[in-house]
Amino acid sequence: MGSNLIICLIPAILVLFGLRKLRERSWGFCKNNTTLNNKVAIITGANSGIGYEVAKELASRNAEVILACRNVDLAKKAIMRIEKELQKKLKLRAMELDLASLKSIEQFVSNVQDQYPYIHILINNAGLAYPKNEIHLTENNFEMHFGVNHLGHFYLTTLLLNTLRKSAPSRIIIVSSSLHEKGEINIDSLETVAQGKNLYANSKLANIYFCKELAKRAKSTGLCTYAVCPGWVYTSLFRHSIRWYHYILVAPIAFFFMRSPKQGSQTIIYCATEPSLENQTGLLYRNCASYTSRVKFDDDTASKLWEKSEYLINSRLG
Ligand SMILES: NC(=O)c1ccc[n+]([C@@H]2O[C@H](COP(=O)([O-])OP(=O)(O)OC[C@H]3O[C@@H](n4cnc5c(N)ncnc54)[C@H](OP(=O)(O)O)[C@@H]3O)[C@@H](O)[C@H]2O)c1
Ligand SMILES: *[C@@H]1O[C@H](CO)[C@@H](O)[C@H](O)[C@H]1NC(C)=O
Ligand SMILES: *[C@@H]1O[C@H](CO)[C@@H](O)[C@H](O)[C@H]1NC(C)=O
Ligand SMILES: *[C@@H]1O[C@H](CO)[C@@H](O)[C@H](O)[C@H]1NC(C)=O
């Protein structure tokens, strides 16, 4: 009886693992191992999750990597962890950046520009997601998802734009999400909770519009932009929404669909380093290949989002 059970169970488990392996192959990985000597990269939110893995990989390719994090101690701990894992001293730097504060963004950019004349890679990776019934605002009273995921990165990027242009060929990677397909852009209520139901998805849609508009504005300057959907990744992103029973309910699905942070970092690393992407700009990527969203992006929304973002920032700088 017991042995029958085992005889049935073993093939079932093998089949499950086989399916998982097949899925993993479809996610792709960054094959090109091109080195990044003399390159400087900034990664926001690099102390955990996907950003941590990207920082580790770029530094191991010999880039100088700035971990731009709201908690410098966590960034320093991440650096120690990376150097311990790789058994090597790398060119990693921890610098403070709170994307929920326009003042902190300005301070960060000024610190960077004092020390680094060139920035070749900017990875806008930091992000947060709150449960739908919660309202959070940034220091400057913007709705938090919009304020951090889009507007904070928008401000950071535009302040660094001259440095990035001067450093061409340079790349800006904007980490979005497949959930952007559920988002909407309401130009008149962007900064408030009135912008729609799925605030996280809205901010991730704004990320892609920003990527496209920036590509257009930086055309032929050697500065290229790439938007990335990393896939569903096991990180602490949903720490504010997750309850203990979710682990039980989601576990079977997670087994097939969830990537490790390392797997989730592959498309970002691909966009940051792959030589053949050199002149591609304004496109969306997932599974280490370009991909077409179901959303029809229109130029008008892209340019209005840019203008409104500038307007909102100026209105709060006073
Ligand atoms: N995980 C997924 O399934 C998934 C799917 C699609 C897209 N993404 C995107 O992937 C990116 C990385 O997320 P993750 O999954 O790696 O989650 P994570 O482990 O929670 O990392 C998010 C990072 O953003 C930082 N951050 C949050 N608010 C910030 C602020 N105001 N200023 C500066 N940094 C801030 C966090 O810092 P603290 O540690 O201090 O909180 C953390 O370092 C996000 O843009 C997310 O939207 C993730
Ligand atoms: C990386 O890309 C370069 C340029 O396209 C190519 O010459 C090289 O063979 C690639 N390396 C690998 C390991 O794929
Ligand atoms: C990159 O990969 C190629 C092919 O696998 C290998 O020959 C080469 O030594 C690698 N280069 C580096 C810098 O690791
Ligand atoms: C990108 O464009 C530059 C300038 O036109 C050209 O020299 C270079 O070969 C191109 N790179 C790729 C990978 O197509």
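Indexing begins at 1, ligand by ligand and atom by atom, following the structure's order.
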Any idea which part of P275 is under 4.0 Å from ligand 2, heavy-atom wise: side chain, backbone, both or neither? side chain
Carboxylate-amine/guanidinium proximity below 4.0 Å for [X] and [Y]:
| X | Y | value |
| --- | --- | --- |
| D300 | K304 | yes |
| E85 | R81 | no |
| E64 | R93 | no |
| K56 | E53 | yes |

Show the distances, to 0.1 Å, for all pairs joining an N/O atom of ligand 3 and a protein N/O atom that are shorter than 3.5 Å, listing one pair per line.
| residue | atom | partner | partner atom | Å |
| --- | --- | --- | --- | --- |
| ligand 3 | 2 (O) | N33 | ND2 | 2.4 |
| ligand 3 | 11 (N) | N33 | ND2 | 3.0 |
| ligand 3 | 14 (O) | N33 | ND2 | 3.3 |

Residues in side-chain contact (heavy atoms from CB on, under 4.5 Å) with S236, at least two apart?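 S236 satisfies side-chain contact (heavy atoms from CB on, under 4.5 Å) with S48, R239 once adjacent residues are dropped.
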With sequence neighbours left out, which residue pairs that include part of residues 215-234 fulfil the ring pair (Phe, Tyr, Trp, His ring centres under 6.0 Å) condition?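 Output for this query lists Y226-Y285.
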Partner residues of R61 under the salt bridge (Lys or Arg N to Asp or Glu O under 4.0 Å) criterion, sequence neighbours left out: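 Scan of R61 (salt bridge (Lys or Arg N to Asp or Glu O under 4.0 Å), adjacent residues dropped) gives E57.
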Could you tell me whether some N/O pair between E278 and ligand 4 is separated by less than 3.5 angstrom?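 E278 vs ligand 4: N/O contact under 3.5 Å present.
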